[in-house]
Amino acid sequence: MTANAQSWLDLPDDTGFGLGNLPYGVFSDASGRRRTGVGIGDFVLDLHAVTGDDVHATGSLNAFMARGPEAWQALRTELTTWLTDAAHREKVEPRLLARTDVTMHLPIEVADYVDFYSSQHHAENLGRMFRPDSPPLTPNWKHLPIGYHGRSGTVQVSGTPVVRPAGQRKVPSDDAPTFGPSQRLDIEAEIGFVVGTPSELGRPVPLGDFADHVFGVCLVNDWSARDLQAWEYVPLGPFLGKSFLTSVSPWVVPLAAFGEARVNPPARDPKPLPYLDDTDGEPWGLDIAIEVRLNGELISCPPFDLMYWTPAQQLAHMTVNGASLRTGDLFASGTVSGPRSDQRGSFIELSWGGKEPLELSDGSTRTFLEDGDVVTLTATAPGAGGSRISLGEVTGRIEPATMP
Ligand SMILES: O=C(O)/C=C/C(=O)CC(=O)CC(=O)O
Ligand SMILES: [Ca+2]
Ligand SMILES: [Mg+2]
């Protein structure tokens, strides 16, 4: 008997949206009003209607997230009671809407957006391609989680069209850069972490405070234009090659749902400095299995449990200089890649820089994305009683470039 059998609601046996998940999102129905909902089975529960709390009518999760971990846990406990105790059925059932009847929106007002680079396999692959004459990992890589600040205003919800960016491109053999649509448009399959509780300027957030600040987890596709990136990134890092669009899943899965998914991260050698050393604490490796589909076909299964740096280490590093957190901050893991070729989280890796085109089941091949392509990321993690919790999906269709 799985945990889901306890609900009075008829939940499909294999639903990823069972009682162990209870993800938050922002939806609208025919009225157009945006409000907070909780995903359960094939339904979304209208939280504003069922609680009467205006925090759930603001059109983003931020005001609720700002209330902090006790409020998050209290509502999660109430939701579980409402959905399991038949005494609440009369109150709750009329507030359920079919998920197919609602439109999902960007769930958070994104404050600051940071993107890390914490998969050793991804970093080594990119290092080999971008810097063939140097060791694959830069000398700092195993001492700190490398990251950069991205563009929060272009973080958008799943389904937002991906307009091919145009920009400057130059390969080493060209004499001068040219301008035009990116010819190396790519994805980056990542997991995102959403900050609820802010922190004070000047006070680092230690490893052990991770769960006091991080509200939940989403899927991220950090669309990337490799030709723009390769020409612009020296010496300050990614800029226009990654700032045109970052897509996130509409559901934010509470950190509390990942109890069964906690795993030890890979051994870290050399031992990190004390503020990053999680060996005596509670490490935050997470067993999340990602799937990448191109036009419906499964092309890769990146394993999040192999990430070298955990989200708790990323948060500790991001604030160790005293930088403060704001409600709605989003930090992404970095592209998730495993050691196998069918575990790579980007096309630049899957096609090895375009040299080894990916063969698709219809006989066609792909190096980078073409106009009309649809890329969909999904992910699941172990839940209670052998169930799996779903992070939903993040999808996007490539549209032709708009030239200035
Ligand atoms: O190694 C490089 O120069 C570039 C690396 C990336 O493009 C990866 C990136 O944006 C961070 C990540 O998603 O892992
Ligand atoms: Ca990225
Ligand atoms: Mg981006």
Side-chain angles (χ1 to χ4, degrees), residues 110 112-142 144-152 154-156 162 165 167 169-172 182 184-193 218-249 288 290 292 300 302-304 306-311 313-314 317-318 330-339 343-354 368-369 375 377 379 394 396:
V110 184
D112 292 297
Y113 168 48
V114 165
D115 188 19
F116 283 95
Y117 186 46
S118 291
S119 157
Q120 183 172 347
H121 301 287
H122 172 73
E124 286 174 343
N125 287 338
L126 273 269
R128 286 191 182 102
M129 284 183 264
F130 276 133
R131 295 170 289 276
D133 301 327
S134 308
L137 292 181
T138 50
N140 56 356
W141 201 92
K142 288 198 165 177
L144 52 82
I146 296 178
Y148 68 94
H149 284 95
R151 192 169 188 88
S152 43
T154 56
V155 176
Q156 299 292 327
V162 185
R169 310 135 324 164
K170 181 187 168 309
V171 289
S182 170
R184 296 187 144 217
L185 182 56
D186 200 354
I187 64 162
E188 291 193 322
E190 308 195 23
I191 298 294
F193 296 85
C218 62
L219 273 164
V220 175
N221 188 344
D222 179 25
W223 304 97
S224 297
R226 301 299 179 187
D227 39 3
L228 278 54
Q229 178 186 353
W231 167 232
E232 76 180 358
Y233 88 103
V234 181
L236 289 186
F239 190 42
L240 301 179
K242 284 167 183 285
S243 66
F244 54 97
L245 177 68
T246 301
S247 300
V248 295
S249 54
I288 300 173
I290 306 173
V292 183
S300 179
F304 191 73
L306 298 184
M307 296 299 277
Y308 192 88
W309 297 109
T310 70
Q313 290 171 314
Q314 292 173 335
H317 185 63
M318 204 163 94
L330 170 69
F331 61 102
S333 59
T335 312
V336 183
S337 292
Q343 294 178 318
R344 294 170 176 168
S346 66
F347 281 85
I348 192 172
E349 293 169 273
L350 287 162
S351 71
W352 206 254
F368 294 92
L369 293 168
V375 178
L377 312 181
V394 60

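Read the numbers this way: they start at 1 and go in the same order the structure lists the ligands and their atoms.
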With Glu349, the side chain to side chain donor-acceptor pair (under 3.5 Å) member among His122, Arg128, Gln343, Arg344: His122
Residue and atom name of the nearest protein heavy atom (relative to atom 3 (O) of ligand 1), distance in Å to one decimal: Arg131 NH1, 2.9 Å
May I ask you to identify the nearest protein heavy atom to atom 11 (C) of ligand 1, giving residue, atom name and distance to one decimal place in Å? Phe116 O, 3.1 Å
Does an N or O from Asp222, backbone or side chain, lie closer than 3.5 Å to an N or O of ligand 1? no
Taking the six-membered ring for Trp and the full ring for Phe, Tyr or His, determine whether the centres of Phe368 and Phe347 are under 6.0 Å apart. no
Could you grab the angle centred on the Ca ion (ligand 2), going from OE2 in Glu190 to OD2 in Asp115, to 10°? 110°
Can you tell whether the side chains of Glu188 and Arg226 come within less than 4.0 Å, N to carboxylate O? yes
N/O/S atom name from Glu188 that is nearest to the position of the Ca ion (ligand 2): OE1
Under 4.0 Å from a heavy atom of Gly334: give me the atoms of ligand 1 that qualify, with their elements. 12 (C), 13 (O), 14 (O)
What residue and heavy atom of the protein are closest to atom 10 (O) of ligand 1, and at what distance? Lys242 NZ, 2.7 Å
Among Ile348, Val394, Asn221, find the residue that satisfies the side-chain contact (heavy atoms from CB on, under 4.5 Å) test when tested with Ile187. Asn221
Proximity to ligand 1 by part of Phe130, non-hydrogen separation under 4.0 Å: side chain
Rounded to the nearest 0.5 Å, how far does OH of Tyr117 lie from CG of Leu137? 7.5 Å
Identified side-chain contact (heavy atoms from CB on, under 4.5 Å) counterpart of Val248 within the set Asp222, Val110, Val220: Val220
As an exercise, identify every atom of ligand 1 less than 4.0 angstrom from a heavy atom of Arg226. 7 (O)
Smallest separation among heavy atoms of Phe331 and Pro311, with atom names: CE1-O, 3.5 Å
Just do the side chain to side chain donor-acceptor pair (under 3.5 Å) check on Ser224 and Asp186 with the steps written out, would you? CA-CA 5 Å; Ser224 297; Asp186 200 354; over 6 Å; no
Got Tyr148 and Lys242 here, is their nearest side-chain heavy-atom distance under 4.5 Å? yes
Within the 4.0 Å heavy-atom shell around Glu190, which atoms of ligand 1 are there? 13 (O)
Starting from the C-alpha separation in whole Å, work towards a yes-or-no answer on side-chain contact (heavy atoms from CB on, under 4.5 Å) for Ser118 and Ser333. CA-CA 6 Å; Ser118 291; Ser333 59; 5.7 Å; no
Just need the protein heavy atom nearest to atom 6 (C) of ligand 1, so name the residue and atom and give the distance. Gln229 NE2, 3.5 Å
State the atom name: nearest N, O or S atom of Asp222 to the Ca ion (ligand 2). OD2
Atom 1 (O) of ligand 1 [closest protein heavy-atom partner, distance rounded to 0.1 Å]: Tyr117 OH, 2.5 Å
Which residue supplies the protein heavy atom nearest to atom 14 (O) of ligand 1, what is that atom called, and how far is it? Thr335 N, 2.9 Å
Which atoms from ligand 1 have a heavy atom of Asp115 less than 4.0 Å away? 10 (O), 11 (C), 13 (O)
